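Quick notes on the structure that follows.
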Amino acid sequence: MEMTDYIIETQNITKKFDDFKAVDGLSLQVKKGEVFGFLGPNGAGKTTSIKMMVGLLKPTKGQVRIDGQDMRKLDKGIIGVCPQELVLWDNLTCAESLKLMGDMYQVPKAITQERVEKLLGDLFLTDKADTLVKNLSGGMKRRLNLALGLVHQPEIVVLDEPSEGLDPQSRRVLWEYIRKLRDDEGKTVILTTHLMDEADRLSDRVAIIDHGKLLRLDTPENLKKEIGEGDIIEITLSDSRKIPEVTETLQEIEDVLSVFEEDGKVNLRGLNALSKLPQILENLEKKGINVVDISMRHNTLEDVFIYLTGTRLRE
Amino acid sequence: MKFISIALKDLKELIRDKRGLIFILFFPLLLIVVFGFAFGGMGQSNQQYNLAIVNYDEPATLPTSNETINYGNNLTQLLKDVTYQGNSSMHMFNVTIMSESEADILLKNRKIDALLIIPANFSRSVVALIKNTIQTTTNPLSQVNTSTVTSTLIIRGDTGYINFGVSQGILVGLLSEYQDQIITSTQNAVKGTPGASSAQYISYDVQPMAGTKNFTNFDFLAPGIMVFAILMLATTVAANLTREVEQGTLDRLKLSKMTGFDLLFGGMLPWSLIVVAQVLILFIVAVAVGFHWQGGINSIVLAIFAGIIGGIASIALGMIIAAFAQNDRQASNLGILVTVPISFIVGAFFQLPNLQVWGFQFNDFLPWTHTLNALRATLIYGGGWDAISYQLAASALLTVILFIIGLILFSKSRLSVDN
Ligand SMILES: Nc1ncnc2c1ncn2[C@@H]1O[C@H](COP(=O)(O)OP(=O)(O)O)[C@@H](O)[C@H]1O
Ligand SMILES: [Mg+2]
């Protein structure tokens, strides 16, 4: 693969706040035209990472290259950002805010006008065009927050937790819109999320990060494959002190790939786990251990995360 | 032009934030009202002022009686004798006759409050005045002015010194009264109005005079309070600029092609409109609560002009403050921490000692010093454009410098990549 196929490359970027490493030696490449997902729990360092990638924050170490160029030589029009927090001018209307951003990127007036109308339409804000931002609903503000980063038609669209605070319906609209950005307009989209579902469904590739470190970077399919196809069985015991003992016992069973404690439950992953269920229960009974609850499901990206970090992603 | 878009955006935000706008416009108003009531009644404490007189006058001959009179001495005597209204034992001035060089030294040390220099042609000008008065009284249709001699009396003093402010106010009033009295007594003498003695052209009985009755401490303090109000604007500007940082919208703008100049110069334009409104309100309210100024409408126009330049300097100061404040509240606190001492340094509240650094008064590097000088020169001393053009130029120049400093500091701390 040629260098130019990567539109963004981070080389060992690190961000320290005093003694605390928010991002720790992150190296990755984002391909032109893909949806790249950053997945990690709150505080993992996602926002800090993308702030360095768009040039709002200076890395303590390492560097970011965009289109093979050093950040400092960047044409500012190439990146559009939708920040995690609502960043809006309360006393401007939707249309005024969008036009302002068009002006700030030196987009010709006529083109701005066209873009503003299209964006308002795409994001269902047309009838709110002349409403003051402070009078919008939360969901509308979210959508405007996104639109403001798109007026200048950037090559790279960076979305920091775009579906935060959206109802399921708006979320689906957003996802559809993000896919359209990639498929119809050929944009590169970088999005951060702590929602497995979102990362799984939208991203071409997912970077899993925690404590500022890159744990894995691959397609959702490959990531799921990596920890085995299998199923997950979660067992809740009446006495959680017995978990270590149970974990040890169950490991002996054939075809069980991993057993560990997670959130006070025993998490067992194995091929064709359903057929193992009687054997498992028999094992526990022999030891006189009481099972309160038992559940089974298919392997998800979240399981990949749990496998990698030992903790569940939290909202 | 990106700065125009920014200017329009800021203007919309300013106008639509009604509560903020009302506060911005009414705050200085409040300040003036408070000071107006606090100091408006003062200054009539019947204090005696130290007046030095240098008399260069040469006597002149009266046309009617061929009598030779030195009107300089006459005026000197009058000034010695003037007493406060309702307190005939209290003389307004403690008059000392001395040489000009002597007087200048005493003025500098503030041993005397004001110096009056009577020019050599003073008597001749009074005689000319009398002649003209006789002529116009006896033959009102005559267009010929037989002789016109104008003499200029000089009132000299330290314009930063409140006692000078008051004594010159009294003097100006007395001098115009003096001239009026010469005219009326000449007219009376010519017409033979009973009760007027033909030899006496000057009446000594002191009437309540505009200059003495009304000139209050507030009148002297008002320019200082105006400058203080103008300075306070820096705090508001800083808070507004910091809000852009706080709500994150500055990051949006930073990511765009906007430059620091676009943001700050664009932001300066709507604030300048606020300055104009504020300065106008300041003056209207000051006059409403009893501010007396010299020089009529002309003075007010010049003063407003000076105020606007000072206000723009405050905007630049606000940018500098915003470069250091992390949030709204810090900006307000820091703003007060900066503007109040500056008010003192420029001499808005107290007279300051004469302290020279490299040939400049130590506070000359602050634009508001010149704003204050200009306001005093025009409002208290009735100075015209000539009197204040230097001050206006100096404050304009310093404002530009301040703006550039603000631009550099703000761009460095707020518009560069965060560390
Ligand atoms: N400006 C800052 N100063 C100090 N610590 C910070 C700052 N910004 C972020 N952090 C810390 O860095 C870590 C990562 O934050 P962030 O990148 O916002 O995480 P995420 O976006 O993944 O939720 C957190 O622990 C956060 O508290
Ligand atoms: Mg974040």
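Letters go in sequence order (proteins before strands), and every chain restarts at 1. Computed from a predicted model, the values in this text were never measured in an experiment. No hydrogens, no waters, no symmetry mates; every other heavy atom, side chains included, goes into these values.
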Non-hydrogen atoms of chain B under 4.5 Å away: do they reach the side chain of [X], the backbone, both or neither?
X        : answer
A:Met52  : neither
A:Glu85  : neither
A:Leu57  : both
A:Lys134 : side chain

Top residue by heavy-atom pair count (under 4.5 Å) with chain A, among B:Arg16, B:Met1, B:Arg243?
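Max contact count across the listed options: B:Arg16.
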Kindly assign one of parallel, tilted or perpendicular to the pair B:Phe265 and B:Phe261, based on the angle between their ring planes and the thresholds 30° and 60°.
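Rings of B:Phe265 and B:Phe261: parallel, under 30°.
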Anything under 30° is parallel, anything over 60° is perpendicular, the rest tilted; go ahead and classify A:Tyr105 against A:His152.
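Ring orientation, 0 to 90° scale: parallel.
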Which heavy atom of A:Leu92 sits nearest a heavy atom of A:Ser97, and at what distance?
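Answer, listing the atom of A:Leu92 first, then A:Ser97: CB-OG, 3.6 Å.
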Minimum heavy-atom distance A:Ile66-A:Ile156, with the two atoms named:
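Smallest heavy-atom distance, with atoms named: CG2-CD1, 4.0 Å.
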Heavy-atom pairs under 4.5 Å with chain B - which of A:Leu86, A:Leu56, A:Val54, A:Leu100 has more of them than the others?
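The candidate making the most pairs under 4.5 Å is A:Leu56.
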Quick one: CD1 on B:Ile315 to CD1 on B:Ile274, what's the gap to the nearest 0.5 Å?
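Those atoms lie 9.0 Å apart.
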